[in-house]
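These notes concern the structure reproduced below.
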Amino acid sequence: QIVSVHVADETRIKKGDLLFTLGGPEVEKTLKAFEVRLKALRKEIALAEEAVRLKDKGVKAKIVPYGELLSAKEHLLSLEAELEALKAELTSFKAGLQVKAPISGIFTRRRVSIGQDVEKGTVLAEVVDPQALWIKATVFLPHKTPLCGKSALIKAQSHFIRGQVTRVSPQHTSAGGTVVFLEGEEILRNFAPGQTVSGEIILEEHKGALALPAEAVVYDEEERAYVFVKSGRAFKKRRVKTGLADNGFIEIVSGLKGKEEVVIQGAYELFHRNFNQIYKVPD
């Protein structure tokens, strides 16, 4: 049971500061059991000490065998070891009743109040370090796609914030996603703990690449890419090799020069003019 809360909500704390003290009937019952066991052990030790004293006196008077003295001493040592172990167990139990800050930061999102019953594993509150903020994201990519060190664009209202993938979880989610962690100075400056964001991880960038609007590129039945290039007063179909696609544009890796004019509207209409010659229509 929560018996006391030692810090105010939304205040800055240091690592090791006392946050909560636990207690209640169950704790008192356990402490009472410790007290009874300790009292009984101490009484046994007192009796064992007296037995050792008498055995030692008897050995000196040559009326008690030396072996009995050794047995009495061994029993005393065993009881003393048991007492020390019990005291250590009690110390550990009492330490567990004090919940301390694992890191320095802001004490926030307290979920419990004084008098509330709790169980082992219950989340009591959060300690957030504003200087160690990161974004946890789930992405769905082909297996073994390299992600560490990749840049990311995170949407923040009307603009984008840049971050970087710093960690990748080795395990996949139940839906087959990959959990990644994003960090960066812009993330620290623009976001607060608990925000939900979306964005894109940039796997590859080609700066200064030749690109066309996606509507300008047409594909045949084997997914080969074509564009229609102006030639005099006509347009000729030309096969091209495509690369990255983003934001409604497609990179043209080869097959086209930068100053050539191409059809960017109605390309598919041109492509299908000779439909029967291009495709085999079943009878």
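If you're wondering where the values come from, they're calculated on a predicted model, not measured in any experiment. Just so you know, residue 1 is the first one in the sequence shown, and it goes up from there.
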Work out which heavy atom in Pro25 is nearest to a heavy atom in Gln1; give both atom names and the distance. CD-NE2, 4.2 Å
Could you tell me if the side chain of Leu19 sits less than 4.5 Å from the side chain of Leu124, heavy atoms only? no
Contact between Leu86 and Leu41 at the side-chain level, heavy atoms closer than 4.5 Å - yes or no? yes
Criterion side chain to side chain contact (heavy atoms under 4.5 Å, CB included) on Leu31 and Leu90, from CA distance to verdict: CA-CA 8 Å; Leu31 290 173; Leu90 176 58; 3.9 Å; yes
Can you find a pair of side-chain heavy atoms, one from Val5 and one from Thr21, that are under 4.5 Å apart? no
So CH2 of Trp134 and NZ of Lys136: to nearest 0.5 Å the spacing works out to 6.5 Å
Would Ile187 end up clustered with Leu153 when hydrophobic side chains under 4.5 Å apart are linked, directly or stepwise? no
Between Lys87 and Glu84, does any side-chain N to carboxylate O distance fall below 4.0 Å? yes
Please examine the side chains of Ile2 and Val118, heavy atoms only from C-beta on, and report whether any two atoms are closer than 4.5 Å. yes
Candidate pair Val197 and Ile135, rule side chain to side chain contact (heavy atoms under 4.5 Å, CB included), full reasoning: CA-CA 8 Å; Val197 296; Ile135 294 172; 4.0 Å; yes
In terms of heavy-atom contacts, Ile13 and Ala101 come closest through CD1-CB, 3.6 Å
Between Tyr268 (side chain) and Tyr219 (backbone), is there a donor-acceptor pair under 3.5 Å? yes
Salt bridge (charged side-chain N to carboxylate O under 4.0 Å, His left out) for Glu126 and Arg111? Distances and angles first, verdict last. CA-CA 9 Å; Glu126 295 180 19; Arg111 293 165 170 77; 2.8 Å; yes
So do Ile106 and Asp129 actually touch side chain to side chain, heavy atoms under 4.5 Å? no
Would you say Val99 and Leu97 are hydrophobically clustered, going by side-chain heavy atoms of ILVMFWY under 4.5 Å? yes
So, taking the atom named CD1 in Ile252 and the one named CG in Leu212, what distance separates them when rounded to the nearest 0.5 Å? 4.5 Å
For Arg53, is there an ion pair with Glu50 - N to carboxylate O distance below 4.0 angstrom? yes
With the side chain counted from C-beta on, respond yes when Ser151 and Arg162 share a heavy-atom pair under 4.5 Å apart, and no when they do not. yes
Ring geometry between Phe34 and Phe93 (parallel below 30°, tilted from 30 to 60°, perpendicular above 60°): tilted
Atom of Asn190, atom of Glu186 and distance for their closest heavy-atom approach: ND2-O, 2.7 Å
Mind listing the side-chain donor-acceptor pairs of residues 174-184 below 3.5 Å, one per line with the distance, residues two or more places apart or on another chain?
residue, atom, partner, partner atom, Å
Thr178, OG1, His172, ND1, 3.3
Glu183, OE2, Thr166, OG1, 2.9

Leu79 and Leu77: side chain to side chain contact (heavy atoms under 4.5 Å, CB included), yes or no, with the steps? CA-CA 5 Å; Leu79 291 174; Leu77 289 173; over 6 Å; no
Spacing of Lys237 atom NZ and Asp220 atom CG [to the nearest 0.5 Å]: 7.5 Å
Could you walk me through whether Thr91 and Glu89 pass the side chain to side chain contact (heavy atoms under 4.5 Å, CB included) test, one step at a time? CA-CA 5 Å; Thr91 299; Glu89 187 180 345; over 6 Å; no
Could I get the full list of salt bridge (charged side-chain N to carboxylate O under 4.0 Å, His left out) partners for Arg42, not counting sequence neighbours? none
Going only through I, L, V, M, F, W and Y residues with side-chain contacts under 4.5 Å, is there a path from Val253 to Leu256? no
Crowding at CD, Gln116 (>12 non-hydrogen neighbours, <6.0 Å): yes
Closest heavy-atom pair and its distance - Leu69, Val59: CB-CG2, 3.9 Å
Here the gap from Ser231 atom OG to Lys236 atom NZ, rounded to the nearest 0.5 Å, amounts to 4.0 Å
Please report the shortest heavy-atom distance between Leu18 and Val7, naming the atom on each side. O-CG1, 3.9 Å
Roughly how far apart are Ile154 CD1 and Phe160 CZ, rounded to 0.5 Å? 10.0 Å
salt_bridge(Arg238, Glu260) N-O dist < 4.0 Å: yes
Under 4.5 Å between side-chain heavy atoms, hopping through other hydrophobics if needed: is there a path connecting Val27 to Leu38? yes
Please, which pairs that meet side-chain hydrogen bond (donor to acceptor under 3.5 Å, both in side chains) have at least one residue in residues 66-83, sequence neighbours excluded? Lys55-Glu68
Hey, does Thr242 have a side-chain heavy atom less than 4.5 Å from the side chain of Val217? yes
If the threshold is 4.0 Å, N to carboxylate O, is there a salt bridge linking Lys150 and Glu204? no
If hydrophobic clusters are built by linking Ile, Leu, Val, Met, Phe, Trp and Tyr wherever their side-chain heavy atoms come under 4.5 Å apart, do Phe249 and Phe228 end up in the same one? no
Any donor-acceptor N/O pair, Gln164 side chain to Gly149 backbone, under 3.5 Å: yes
Non-hydrogen side-chain atoms of Glu215 and Gln265 separated by less than 4.5 Å: no
Interatomic spacing from NZ in Lys120 to OG1 in Thr122 - rounded to 0.5 Å: 11.5 Å
Indicate the atoms forming the closest heavy-atom contact of Arg110 with Asp9, along with that distance. NE-OD1, 2.8 Å
